[in-house]
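The structure appears below as structure tokens.
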Protein chains: 2
Amino acid sequence: MTQMNLKRLSYFIAVAEEMHFGRAAERLGMAQPPLSRQIQQLEQETGAALFNRGRSAITLTQAGTRLYERGRDVLEQIEDIQLEVRRIGQGAEGRLRIGFVGSSSYGILPNIIKSFRANFPAVNLNLSPMNNAQLFRALIRREVDVAFARPALEDPEFVTRKLSEESLVVAMPDTIDIPARKTVNLADFQDHTFVLYPEFPRPSYADFILELCEAQGLDIESRIYAMDLQTALSLVAIGEGLCIVPESVSSAPRNGIRYHRIEPPIGATALSVNYRIDEQGVHVHKFVKMAQDVARKLV
Amino acid sequence: MTQMNLKRLSYFIAVAEEMHFGRAAERLGMAQPPLSRQIQQLEQETGAALFNRGRSAITLTQAGTRLYERGRDVLEQIEDIQLEVRRIGQGAEGRLRIGFVGSSSYGILPNIIKSFRANFPAVNLNLSPMNNAQLFRALIRREVDVAFARPALEDPEFVTRKLSEESLVVAMPDTIDIPARKTVNLADFQDHTFVLYPEFPRPSYADFILELCEAQGLDIESRIYAMDLQTALSLVAIGEGLCIVPESVSSAPRNGIRYHRIEPPIGATALSVNYRIDEQGVHVHKFVKMAQDVARKLV
DNA sequence: ATGCTTCGATACCTTTAGGGTATGGAGCGC
DNA sequence: GCGCTCCATACCCTAAAGGTATCGAAGCAT
């Protein structure tokens, strides 16, 4: 005996609603005899009579009544499941886990998020700030779907897209006297304390900055390490030292900190989106595409 | 495209649980290639990828995860529905509406109910006291499934089974002086008031009693009508008159009433079970069979 | 690297569930 | 009693689903 079958169930529902085999068959777009047979088979399967076949009318038995109530419900659920699954598959619903470096939250990230939310309101966004090393691990372990890293995460398992290149600026305590000119030269800071982040794991953004300074002939003697950008800025704000950060950070003014362009420019840093090379999720691809669009418009 | 199908869904569940097409196929007792195809078709139907087919392992997509959660639930529901429907069909569950004349509640009816409840605890019994005329209407209108009537309900639409025949006794107020002998003769009551029930609709049990008296040459002058047995007994208890009732009524003693056998016997009354000739419900047939069994044992 | 193994996909054939047409048979109304 | 309605039965045919053989890509060990 074949197992319970949705087709049969919906046939039964139709007959139960029409209370008439002929009309039900018409509504189902089929001939009456096969419909009769399907109902008989359903009755065999369940081991219960579903209809009282009276002389001039059919009625539902108690078993039939119950099957109608619950069967209808199940059919509706299945309709709904199909819709939901399709929507998730097309990226219109579901979940997207995003990891990002702290500095990206000053620049285009908020715009990207806003834009994505506007187009896919049903996608549940999960945002986690991390440093580059954490991003790498999280992406490998599939704990995030997309990572905003600085610089790009290099790995054969990843796909990387550069979003924007920013020049570097210096964040310094407003207690330090500076020359009147708007721009500063790296050489001016020979004897100042530098706030760097993160200390571990290496190599990190700290090493990138140190290399740049070295290339400029600058030998930094006094260094403090912070765990992340936020902490570093706090240290700057209380006058512990100065810190070299991406330009976009300066767009959010902060008490106790002044930002200055470095002239001549000493280098640039690129924000990138990264995702797994075997990524199947449609959300991810749509999100990355949208991120690139937003970045292009903002430049 | 064929519609969503339970077989496919359960195949998907199996693959999702095994995370391996080969093992899933084995568990399902089929070959691997058709299973792969069914999953592909399911993916087409839903319009969403369900598995990430990685090099060395498969994983569920978000859409697949959701389909698994909800699909499992639906399959379980369907299992459960089938069980429930089968049980109802076999009379092990469901509802049975019973109508009965008041006098039957003194005799075997309680035993029948008790016995049925013991064997079919999941059947919901619905008990309604009525007089014979109401029973007739209720059975015609399918408001009850089974009727305990006295005497039998005669109609081509009904099936009738006699349960037990009882002799008649007289219920009299204990304020009346009676001869010392245990049994009484109808002629003794020539001048007493008779309590009869019900007055409408006619003919009723009242007419049955009047005919019996007439046959005995008794001409009752003083009559009071009550709506039912209970009311009649109340009238007897306060001394309004006497009443002729089935013997089983005397098994429940009542303050103010004494019962006496009538000698010589003047007639008998039969309790019957009645149900529709087109009755399909398995409960009903099982119930009637059981009622007859109980009646046979109690005689 | 190179062959071996694993695992899902593809190709092709066979089986069978399910649908169609024609017809039977019971009940109801004129 | 004749015809009409309505569900069931009989028989055929199509197409969906299963089986076997084989491919092709990836991982692993030698």
Side-chain angles (χ1 to χ4, degrees), chain A residues 1-46 48-61 64 75 140 155-157 276-280, chain B residues 1-46 48-61 64 78 156-157 276-280:
Chain A
M1 191 165 320
T2 62
Q3 77 151 350
M4 173 75 125
N5 170 313
L6 285 190
K7 209 187 308 194
R8 275 210 258 277
L9 184 56
S10 59
Y11 288 176
F12 166 73
I13 300 291
V15 177
E17 282 173 354
E18 298 291 344
M19 280 309 197
H20 190 287
F21 280 75
R23 275 197 302 277
E26 192 180 357
R27 169 171 140 189
L28 292 167
M30 68 189 288
Q32 169 263 319
L35 177 58
S36 283
R37 253 190 334 200
Q38 293 299 327
I39 301 295
Q40 287 174 41
Q41 293 191 14
L42 187 63
E43 286 180 317
Q44 281 200 357
E45 274 168 27
T46 55
L50 300 174
F51 291 103
N52 298 314
R53 285 140 170 106
R55 329 125 237 265
S56 65
I58 56 175
T59 56
L60 282 169
T61 61
L75 288 181
I140 286 285
D155 194 281
E157 286 287 306
R276 289 183 297 274
I277 200 168
D278 64 351
E279 178 64 55
Q280 304 288 325
Chain B
M1 190 164 320
T2 62
Q3 81 152 344
M4 173 74 127
N5 168 313
L6 284 191
K7 210 187 305 195
R8 276 211 257 276
L9 184 57
S10 59
Y11 288 177
F12 166 75
I13 300 291
V15 177
E17 282 174 354
E18 298 290 343
M19 279 310 196
H20 191 287
F21 280 74
R23 276 198 301 279
E26 191 180 358
R27 170 172 139 187
L28 292 167
M30 68 189 290
Q32 169 263 318
L35 177 58
S36 282
R37 253 187 330 182
Q38 293 301 325
I39 300 296
Q40 288 175 42
Q41 293 192 16
L42 187 62
E43 287 180 317
Q44 281 200 358
E45 274 169 28
T46 55
L50 300 174
F51 291 103
N52 299 315
R53 283 140 171 106
R55 323 138 236 270
S56 66
I58 57 175
T59 57
L60 282 170
T61 61
I78 287 180
E157 285 287 304
R276 287 183 297 274
I277 200 168
D278 63 351
E279 178 63 55
Q280 304 288 326

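Throughout, a chain's letter reflects where its sequence line sits, starting with A, and its residues are numbered from 1. Computed from heavy atoms alone, side chains included, the values below leave out hydrogens, waters and symmetry copies.
- Considering CD of A/Gln41 and CD1 of A/Ile39, their distance stands at 10.0 Å, rounded to 0.5 Å.
- Considering only the side chain of A/Pro34, C/dG19 comes nearest among C/dG19, D/dG19, D/dC7.
- Look at B/Gln38 and you'll find a side-chain N or O under 4.0 angstrom from OP1 or OP2 of D/dG18.
- Residue B/Gln40 places no side-chain N or O under 4.0 Å from the OP1 or OP2 atom of C/dG8.
- Rounding to the nearest 0.5 Å places CD of A/Gln32 at 10.5 Å from CZ of A/Arg37.
- Among D/dA21, D/dG18, C/dG8, the nucleotide with an atom closest to any side-chain atom of B/Pro33 is D/dA21.
- Closest to the side chain of A/Ile58, out of D/dA10, D/dC7, D/dA21, is D/dC7.
- Counted within 6.0 Å of CD on B/Glu18, heavy atoms from surrounding residues, nucleotides or ligands total more than 12; the atom is thus considered enclosed.
- Picking from C/dA22, D/dC7, D/dG18 the nucleotide with the shortest atom distance to the side chain of A/Gln32 gives D/dC7.
- Between B/Asn5 and D/dA16, a side-chain N or O to OP1/OP2 separation shorter than 4.0 Å is absent.
- With rounding to whole Å, A/Glu43 atom CD is found 12 Å from D/dA8 atom C1'.
- Taking atom CG on B/Leu35 and atom P on C/dA9, their separation rounds to 9 Å, with Å as the unit.
- Residue A/Ser36 has no polar side-chain atom (N or O) positioned under 4.0 Å from OP1 or OP2 of D/dC7.
- If you measure from atom CD of A/Gln44 to atom P of D/dT9, you get 10 Å, rounded to the nearest angstrom.
- At C/dG19, one or more side-chain N or O atoms of A/Lys7 fall inside 4.0 Å of OP1 or OP2 (strictly under the cut-off).
- Among the heavy atoms of the strands, none lies under 4.0 Å from B/Phe51.
- Between the side chain of A/Arg37 and the base of C/dG18, no donor-acceptor pair of N or O atoms lies under 3.5 Å.
- If you check C/dG18, D/dG19, D/dA8 against the side chain of A/Gln41, the one that comes closest is C/dG18.
- If you take CG on A/Leu60 and CE on A/Met19, they are separated by 4.0 Å, rounding to the nearest 0.5 Å.
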